[in-house]
2 protein chains.
Amino acid sequence: MSTSQQALTPVTRTHIPGKIEQACREKGLRMTGPRVTIASILDSADDHPDVFELHRRAALIDEKISLSTVYRILRVLNKEGIIDRIDLNEGPARYEPTTEQPHDHLVNLDTGDFIEFRSKELDKLYNKIARKLGFKLVSHRLELYATPLDGESSNN
Amino acid sequence: MSTSQQALTPVTRTHIPGKIEQACREKGLRMTGPRVTIASILDSADDHPDVFELHRRAALIDEKISLSTVYRILRVLNKEGIIDRIDLNEGPARYEPTTEQPHDHLVNLDTGDFIEFRSKELDKLYNKIARKLGFKLVSHRLELYATPLDGESSNN
DNA sequence: TTAGGTGCAAACCGTTTGCAAAGTA
DNA sequence: TACTTTGCAAACGGTTTGCACCTAA
């Protein structure tokens, strides 16, 4: 559309930094190639990929990013509070951009997908339980494992 | 004390099978030496030992029980529903005899100890949340991480 | 007697790390 | 430039497994 006046300007697809990359820069992290790549993948991911999946997606952009580099990047992003790490019972950890609201996950047992939810009632109960036991709640970890109500596995 | 009448009877400390060993026999498991040993350790444990601790305690009774055997035994006991395996975020899994009532754990961050608790309110909420999201709850996993209210870390 | 359990060592999986080379600010 | 990050390969911690031997039933 806007090719009329500056037709000879090279069409280098200028990189639009996403929220993750911005957060990294705000934290003063050096934005190397691998970091930009991983940041952009995380920004455009609408699932909860693990290291191997992230490495696979990164390889499509830059085939020489090593797995250990992905691990290291995820580690610093997590330490800086930019992404959350979700440790399941089995398999590799999953990652997601940190959300404003803390939340828990329901794992769809049929697909492995995550559904995020937040319940203030739960939080209240956790605090109440801890207090009752003589403790001050610091954090918690919850996963709900469930099957879809409709369709195949409804009346089981 | 009672050495008067049958003084010459060999004093072989007759093995009194605990609940775990009984449960194993009821499940038809072969009670080999290592299994009897691990079962008795689990029966008398009032904590939540990991494989290495169990192996250590087993070695005090029979120094040639191998670590892989302990792993294998814990695996079958877990599969048979005789013991529960607790997978924390870090470190080796912990084990406890299965209780009649399902329960969750509060982890004392100062000591690493577990406190077991059961909350029907929580169960109700979990079911309600799952249903609201269009799912049927199958299981859940919860750990509360907390510090003691009294003494050192109270007003933080 | 025989299906099953054991010890050992090697393999496994997810993750971290030591190092020398490459890159960022 | 000075200091950080990277790639590679090797090591890690927790757990499983292949195999030959052993043992409970």
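Each chain gets a letter, A, B and so on, in the order the sequences are listed, and its residues count up from 1. Bear in mind that the values here come from a model prediction, so they are computed numbers and not experimental data.
- Atom CZ in B:Arg94 sits roughly 14 Å away from atom C1' in D:dG14 (whole-Å rounding).
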Derivation and outcome, side chain to side chain contact (heavy atoms under 4.5 Å, CB included), residues B:Ile115 and B:Leu144:
CA-CA 9 Å; B:Ile115 293 185; B:Leu144 299 184; over 6 Å; no
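- As a whole-Å value, the separation of B:Asp87 CG from C:dC13 C1' is 14 Å.
- If you check distances only, the side chain of A:Arg72 does reach the base of C:dG18 with a donor-acceptor pair under 3.5 Å.
- Following rounding to the nearest Å, A:Leu74 (CG) and C:dT15 (C1') show an atom-to-atom distance of 11 Å.
- For A:Lys79 and C:dT16, the NZ to P distance is 12 Å, given to the nearest whole Å.
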Show, in sequence, the C-alpha distance, side-chain angles and deciding distance for B:Val70 and B:Phe52, and conclude whether the side chain to side chain contact (heavy atoms under 4.5 Å, CB included) test is met.
CA-CA 9 Å; B:Val70 180; B:Phe52 306 105; over 6 Å; no
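- Taking atom OH on B:Tyr71 and atom C1' on C:dA10, their separation rounds to 15 Å, with Å as the unit.
- Atom-to-atom, CD of A:Glu90 to C1' of C:dG14 comes out at 13 Å; the value is rounded to the nearest Å.
- Closest-nucleotide positions on DNA chain C for B:Leu67 and A:Arg30 were compared, and the one nearer the 5' end corresponds to B:Leu67.
- Here B:Ser66 reaches the OP1 or OP2 of C:dG7: one of its side-chain N or O atoms lies under 4.0 Å away.
- Ion pair A:Glu116/A:Arg118 not flagged as a salt bridge, since none of the NZ, NE, NH1 or NH2 atoms sits closer than 4.0 Å to an Asp/Glu carboxylate oxygen.
- Residue B:Asp50 contributes atom CG, which lies 8 Å from atom P of D:dT15 at whole-angstrom precision.
- Listed candidates were D:dT6, C:dG7, D:dT17. Nearest to the side chain of A:Arg35 is D:dT6.
- Taking side-chain N and O atoms only, B:Thr32 has a distance below 4.0 Å to OP1 or OP2 of C:dT6.
- OP1 or OP2 of D:dT5 has not a single side-chain nitrogen or oxygen of A:Arg75 nearer than 4.0 Å.
- Going from atom CG of B:Leu29 over to atom P of D:dA25 covers 10 Å, rounded to whole Å.
- Take the nearest nucleotide of DNA chain D for A:Val70 and for B:Phe52: the residue whose nucleotide is more 5' is A:Val70.
- Look at A:Glu121 and A:Lys124 and you find no salt bridge, because none of the NZ, NE, NH1 or NH2 atoms lies under 4.0 Å from a carboxylate O.
- Which of D:dT15, C:dG7, D:dC8 sits closest to the side chain of B:Ser68 comes down to C:dG7.
- Judged by closest nucleotide on DNA chain D, B:Gly91 is the one of B:Gly33 and B:Gly91 placed further toward the 5' end.
- B:His48 and B:His105 have perpendicular rings, their planes meeting at more than 60° on a 0 to 90° scale where under 30° would count as parallel.
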